[in-house]
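In each ligand, atom 1 is the first atom listed, and ligand 1 is the first ligand listed.
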Amino acid sequence: MRLLILGGTQFLGRAVATHACAAGHDVTCAARGLAGPIASGARFVCVDRDVSNGLEPLARQEFDAIVDVSRHPGQVRRAVAALKRQTAHWTFVSTVSVYADNRTPGQRADTAPLRAATAPEIEDSTEDIYGAAKVACEQAVGEGALICRAGLIVGPEDPTGRFTYWPARLARGGEVLAPGPPDDPVQFIDVRDLAQWIVHAAQARLTGVYDGIGPTLTRGQLMAECAAALGASCTLTWADRAFLEAHDVKRWAGPRSLPLWLPLPDYAGFSTRDVTPARKAGLQLRALSETARDTFDWYRASNGPVAGLTIEEEKDVLAAWHARR
Ligand SMILES: NC(=O)c1ccc[n+]([C@@H]2O[C@H](COP(=O)([O-])OP(=O)(O)OC[C@H]3O[C@@H](n4cnc5c(N)ncnc54)[C@H](OP(=O)(O)O)[C@@H]3O)[C@@H](O)[C@H]2O)c1
């Protein structure tokens, strides 16, 4: 395939390019070149998608497949107008944040209700309107495309440091603070598995709406499998939601967080999406032990980013846990 990636200088886009190059495809990455390097073997074309004729450098080129990772409705509308043809397969990488209902477990991509899209005059996404802006992007892409709604993407080169916190923390050993209860669900996908599926789907000219995510695990399984994969010697202390909130431990990601923590029942649907349709459509998933080891090896080799509690913060919260009555 002659594959165009609108992006390719960041985590998932670069992984798609890496896999497509390794599979022998002819890969072009079009971006400004600000976010980072492209995969070796791919060709870089400098474009600015924020200006009206910004895709002009691609105008007279033919592609068999196009993958777009944008989150900005204006960028997506301009790309569709400039590049979408009958002949090229189109993949839009969306997100499970498009869904309106995070509470109901076991929802499927083809039937789950969506948030309302951002208004037509909104060109750019911000964190506050990310899900709604992605709905507008999906609508701009329209029919005859693959809409791949990714869940939490993890693995080597993750710029967010969310998942990385756990392999890094468990490998350090000792007493590890974990958000209870241990049977809460977690769901994520290794960036390389998602990238391989996106390339496979483009080649197979798969269309329709799918969630791109791995199976649901319990947090206890996640911790145990990561610790075993890393040969970590640690004990887990499971603190409850009320205690963690009272001690200003944040959810999900970022400073002072216990990453991937999304308390139930508010998020019972977020981490239990039905992945059967994607599996039937060719999504293959590696073992968690491989993701954990490779993420840790990358983190150690590159001092990659980690988000979450600092060593001191964790120590203080654990001391407060043991001092409680
Ligand atoms: N990370 C997660 O856990 C997660 C979860 C669910 C869904 N997703 C979705 O998965 C995808 C992740 O993609 P990604 O990892 O490749 O990261 P990304 O941050 O979405 O990448 C954006 C790409 O667009 C390019 N870009 C931004 N502004 C541009 C402009 N004005 N002109 C041209 N290019 C521009 C950037 O490159 P330059 O800056 O170099 O131009 C970069 O390559 C996104 O669609 C995201 O919404 C992510």
Visitor: For ligand 1, which atoms have a heavy atom of Phe11 less than 4.0 angstrom away?
Guide: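 Heavy-atom distances to Phe11 below 4.0 Å select 15 (O).
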Visitor: Out of curiosity, does Phe243 fall in the hydrophobic cluster containing Leu258 (side-chain heavy atoms, cut-off under 4.5 Å, transitive links)?
Guide: yes
Visitor: Run the numbers for me: atoms of ligand 1, each under 4.0 Å from some heavy atom of Leu152, listed by number.
Guide: 3 (O)
Visitor: Considering only protein heavy atoms, which is closest to atom 5 (C) of ligand 1, and at what distance to one decimal place?
Guide: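 It is Gly151 O, 3.1 Å.
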Visitor: Between Arg256 and Asp248, is the closest basic N to carboxylate O distance under 4.0 Å?
Guide: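 Looking at Arg256 together with Asp248, the answer is yes, because their closest N to O distance falls below 4.0 Å.
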Visitor: When you look at CD of Glu121, are more than 12 heavy atoms from neighbouring residues, nucleotides or ligands closer to it than 6.0 Å?
Guide: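 Atom CD in Glu121 is crowded, with more than 12 foreign heavy atoms closer than 6.0 Å.
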Visitor: May I ask you to identify the nearest protein heavy atom to atom 36 (C) of ligand 1, giving residue, atom name and distance to one decimal place in Å?
Guide: Thr9 OG1, 3.7 Å
Visitor: Group every Ile, Leu, Val, Met, Phe, Trp and Tyr by side-chain heavy-atom contacts under 4.5 Å, then state whether Ile66 and Val209 land in the same group.
Guide: yes
Visitor: Report the member of Phe44, Phe163, Tyr130 with the shortest heavy-atom distance to atom 46 (C) of ligand 1.
Guide: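 Looking at heavy atoms only, Tyr130 sits closest to atom 46 (C) of ligand 1.
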Visitor: Examine the proximity of ligand 1 to Ser94 and report which part, side chain or backbone, both or neither, has a heavy atom under 4.0 Å away.
Guide: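 Contact part for Ser94 vs ligand 1: backbone (N, CA, C, O).
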Visitor: Can you find an N/O atom of Val93 closer than 3.5 Å to an N/O atom of ligand 1?
Guide: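 Among all N and O atoms of Val93, at least one is under 3.5 Å from an N or O of ligand 1.
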Visitor: Among all protein heavy atoms in this structure, tell me which lies nearest to atom 40 (O) of ligand 1, with the distance rounded to 0.1 Å.
Guide: Leu34 N, 2.7 Å
Visitor: At less than 4.0 angstrom from any non-hydrogen atom of Asp50, what atoms of ligand 1 do you find?
Guide: 31 (N)
Visitor: Is there a nitrogen or oxygen of Arg49 sitting under 3.5 Å from a nitrogen or oxygen of ligand 1?
Guide: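 Min N/O separation from ligand 1 is below 3.5 Å for Arg49.
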Visitor: Quick one: nearest non-hydrogen protein atom to atom 48 (C) of ligand 1, plus distance?
Guide: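 I find the closest protein heavy atom is Ile153 CD1, 3.4 Å.
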Visitor: Numbering the atoms of ligand 1 from 1, which are under 4.0 Å from a heavy atom of Gly8?
Guide: 43 (O)
Visitor: So if I count the atoms of ligand 1 from 1 in the order they appear, which ones are less than 4.0 Å from some heavy atom of Asp48?
Guide: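 Answer, ordered by atom number: 30 (C), 31 (N), 32 (N).
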Visitor: Answer with yes or no whether Arg149 contacts ligand 1, where contact means a heavy atom under 4.0 Å from a ligand atom.
Guide: no
Visitor: Indicate, as side chain, backbone, both or neither, the part of Arg162 found under 4.0 angstrom from ligand 1 when only non-hydrogen atoms are considered.
Guide: side chain
Visitor: Are there over 12 heavy-atom neighbours, none belonging to Leu34, within less than 6.0 Å of that residue's CG?
Guide: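 Counting other residues, nucleotides and ligands, CG of Leu34 exceeds 12 neighbours.
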Visitor: Using the rule that Ile, Leu, Val, Met, Phe, Trp and Tyr join whenever any side-chain heavy atoms are under 4.5 Å apart, tell me whether Leu285 and Val96 fall into a single cluster.
Guide: no
Visitor: Would you say the ring centroid of Trp252 lies under 6.0 angstrom from that of Phe270?
Guide: yes
Visitor: Would Arg324 pass as a cation-pi partner of Trp321, given that its NZ or CZ must be under 6.0 Å from the six-membered ring centre and within 45 degrees of the axis?
Guide: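 Verdict for Trp321: a cation-pi partner in Arg324.
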Visitor: With atoms numbered from 1 as shown, which atoms in ligand 1 lie under 4.0 angstrom from a non-hydrogen atom of Gln75?
Guide: 28 (N), 29 (C), 30 (C), 31 (N)
Visitor: For Tyr130, is the OH atom crowded, meaning more than 12 foreign heavy atoms sit under 6.0 Å from it?
Guide: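 Atom OH in Tyr130 is crowded, with more than 12 foreign heavy atoms closer than 6.0 Å.
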Visitor: Please report the closest heavy-atom contact between Phe188 and Leu260, naming both atoms and the distance.
Guide: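 Result for this residue pair: CD2-CD2, 4.5 Å.
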Visitor: Going only through I, L, V, M, F, W and Y residues with side-chain contacts under 4.5 Å, is there a path from Leu6 to Val67?
Guide: no
Visitor: Could you check atom 12 (C) of ligand 1 against the protein and tell me its nearest heavy-atom contact, residue, atom and distance included?
Guide: Leu12 CB, 3.8 Å
Visitor: Atoms of ligand 1 less than 4.0 Å from Ala150 heavy atoms?
Guide: 6 (C), 7 (C)
Visitor: Would you please name every residue forming a salt bridge (charged side-chain N to carboxylate O under 4.0 Å, His left out) with Arg251, sequence neighbours left out?
Guide: Glu245
Visitor: Give the single entry among Gln10, Arg32, His72, Arg71 that approaches atom 35 (C) of ligand 1 most closely by any heavy atom.
Guide: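 Among Gln10, Arg32, His72, Arg71, the closest heavy atom to atom 35 (C) of ligand 1 comes from Arg32.
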Visitor: By number and element, which atoms of ligand 1 are closer than 4.0 Å to a non-hydrogen atom of Gly33?
Guide: 38 (P), 40 (O), 41 (O)
Visitor: Check for me, please, whether Val80 and Leu146 land in the same ILVMFWY cluster - side-chain distances under 4.5 Å, paths through other members count.
Guide: no
Visitor: Among all protein heavy atoms, pick out the one at the shortest distance from atom 24 (O) of ligand 1; state its residue, atom name and that distance to 0.1 Å.
Guide: Gly7 CA, 4.1 Å
Visitor: I need the nearest protein heavy-atom contact for atom 16 (O) of ligand 1: residue, atom name and distance, please.
Guide: Gly13 N, 2.9 Å
Visitor: What protein heavy atom lies closest to atom 44 (C) of ligand 1? Include the residue and the distance to one decimal.
Guide: Val69 O, 3.3 Å
Visitor: Regarding Arg108 and the six-membered ring of Tyr210, is the cationic atom NZ or CZ under 6.0 Å from the ring centre and inside 45° of its axis?
Guide: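 No.
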